[in-house]
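Worksheet: one structure, shown below.
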Amino acid sequence: MIKAVMIVNVQGKPRLIKFYTPMSEQEQQSVIRKIFKQVSSRPETFCNYLEGCVPEFGDSTKIIYRSYASLFIIFAVDQQESDLGILDLIQVFVEALDLCFETVCELDLIFHSDRVHYIIDEIISAGMVLETNLTLIMQAINDQKKLAEENTRTSGPMGSGGLAVSGSHSHMSSHSHHSHSHGGDSYNNPYSSGGGGVGGGAPPPGSTDYVKTGLDAANKIFATLAGTAAGYK
């Protein structure tokens with residue numbers, strides 16, 4: 001079983017951290033420091049694995065790593081995993097990163113960490129190796145990329161949806177106003193220019209005609225309502 005995968009630069013700054021065993025954040029930080037200290041101090045002529053060097057993982061843990069430019073790619077695994085198999089798995093991971101980012105560098109891992117996590121998730125899940133075929137891994141990554149691009153195209157700018165709603169609302173408001181003004185039995189506002197006001201126009205507010213016109217309109221409404229009520233009896 002794979003217990004952890006990490007990518008750390010030569011200054012000890014982690015660029016990818018994946019733990020597959022339950023561990024607190026404080027313990028994870030301690031593990032990263034201990035592993036980096038031991039890996040970074042080893043000469044290039046030494047082999048690429050260590051055994052029993054992380055107490056948090058237990059005595060049966062192996063640390064297998066490879067160095068690429070300014071980065072260390074490190075796997076913590078149990079005794080059941082093959083040393084050469086994990087080294088090949090690291091190579092597959094690096095080649096997938098190269099194909100995805102076209103010659104990967106440390107900045108790609110910083111600014112596209114979500115894609116890096118997606119690649120490692122296609123290779124490893126819950127500490128078990130899922131896929132080692134580079135062609136199938138890249139096919140899954142490309143399919144995910146196409147799906148993301150299609151979602152971006154179909155969603156469109158949010159502003160267009162807002163304009164459509166606004167236009168529809170304006171049209172409905174205009175239609176409602178038109179029906180109210182010109183409906184067959186609709187109430188005609190006595191203060192409108194075409195209504196039943198004095199002289200065909202609205203009298204000045206506060207004048208006697210203004211008050212009288214309002215009272216006449218109210219009496220007409222009450223008479224209409226009374227006639228309607230009598231019709232239901």
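This is a predicted model, so every value here is computed, not measured.
Listed for the Asn142 side chain is no donor-acceptor partner under 3.5 Å among the backbone atoms of Gln139. Without hydrogens or angle criteria, Glu56 side chain to Gln28 main chain gives no donor-acceptor distance under 3.5 Å. A donor-acceptor pair is defined here as one N or O able to donate and one able to accept, closer than 3.5 Å; no such pair exists between the side chain of Asn48 and the backbone of Ile64. With hydrogens and angles ignored, the 3.5 Å screen pairs no side-chain donor or acceptor of Ser30 with any backbone N or O of Gln26.
The minimum heavy-atom distance between Met1 and Ala126, with the atom names listed, is CE-O, 4.0 Å. Between Phe36 and Val10, the shortest heavy-atom contact is CZ-O, 3.3 Å. When all heavy atoms of Ile123 and Leu89 are compared, the closest pair comes out as CG2-CD1, 3.5 Å. Residue Glu122 comes nearest to Ala140 through the heavy atom pair OE1-CB, 3.3 Å, listed as atom of the first residue, atom of the second, then distance. When all heavy atoms of Gln144 and Tyr118 are compared, the pair lying nearest together is CB-OH, 3.3 Å. Contact record, Lys3 with Ser60: NZ-OG, 4.3 Å, taken as the closest heavy-atom pair.
Separation of atoms NZ (Lys37) and OG (Ser40) is listed at 9.0 Å; rounding is to 0.5 Å. To the nearest 0.5 Å, atoms CD (Glu106) and CG (Asn9) are separated by 4.5 Å. Between Ile7 atom CD1 and Lys18 atom NZ the span is 11.5 Å, to the nearest 0.5 Å. Here the CD1 atom belonging to Ile120 is positioned 7.5 Å from the CD1 atom belonging to Ile2, to the nearest 0.5 angstrom. To the nearest 0.5 Å, the span separating CD1 on Ile141 from CD1 on Ile119 amounts to 4.0 Å. Here the straight-line distance linking atom OG1 of Thr61 with atom CD of Glu51 works out to 10.0 Å at 0.5 Å rounding.
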Could you walk me through whether Arg42 and Cys47 pass side chain to side chain contact (heavy atoms under 4.5 Å, CB included), step by step?
CA-CA 9 Å; Arg42 290 171 64 86; Cys47 63; 3.6 Å; yes
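Connection of Leu134 to Val116 is established within a shared hydrophobic cluster, with ILVMFWY side chains joined at heavy-atom distances below 4.5 Å, either directly or through further cluster members. Cluster annotation: Leu71 is connected to Ile86 through the hydrophobic network of ILVMFWY side chains, with a link wherever side-chain heavy atoms come within less than 4.5 Å. There is no path of hydrophobic side-chain contacts, each under 4.5 Å, that joins Tyr65 to Ile90. Following chains of ILVMFWY side-chain contacts shorter than 4.5 Å, one cannot reach Val39 starting from Leu16, and the two form parts of different hydrophobic clusters. Residues Leu50 and Val77 are members of separate hydrophobic clusters, defined by side-chain heavy-atom contacts under 4.5 angstrom among Ile, Leu, Val, Met, Phe, Trp and Tyr.
Note: Phe57 and Phe19 have tilted aromatic rings, judged against thresholds of 30 and 60 degrees for the angle between ring planes. Taking the six-membered ring where the residue is Trp, His112 and Phe101 present tilted rings, their angle falling between 30° and 60°.
A 4.5 Å side-chain heavy-atom check between Leu97 and Asp108 finds every atom pair outside the cut-off. Here the side chains of Phe75 and Leu87 are not in contact, with every heavy-atom distance at 4.5 Å or above. In this structure the side chain of Pro55 reaches within 4.5 angstrom of the side chain of Lys34, judged on heavy atoms.
Only one option out of Asp83, Leu84, Ile63 pairs with Tyr49 in a side-chain contact (heavy atoms from CB on, under 4.5 Å); it is Asp83.
Of the charged side-chain nitrogens involved, none lies within less than 4.0 Å of a carboxylate oxygen, so that Glu81 and Lys62 do not count as a salt-bridged pair.
In this model, a donor atom of one side chain and an acceptor atom of the other lie less than 3.5 Å apart for Tyr68 and Gln91.
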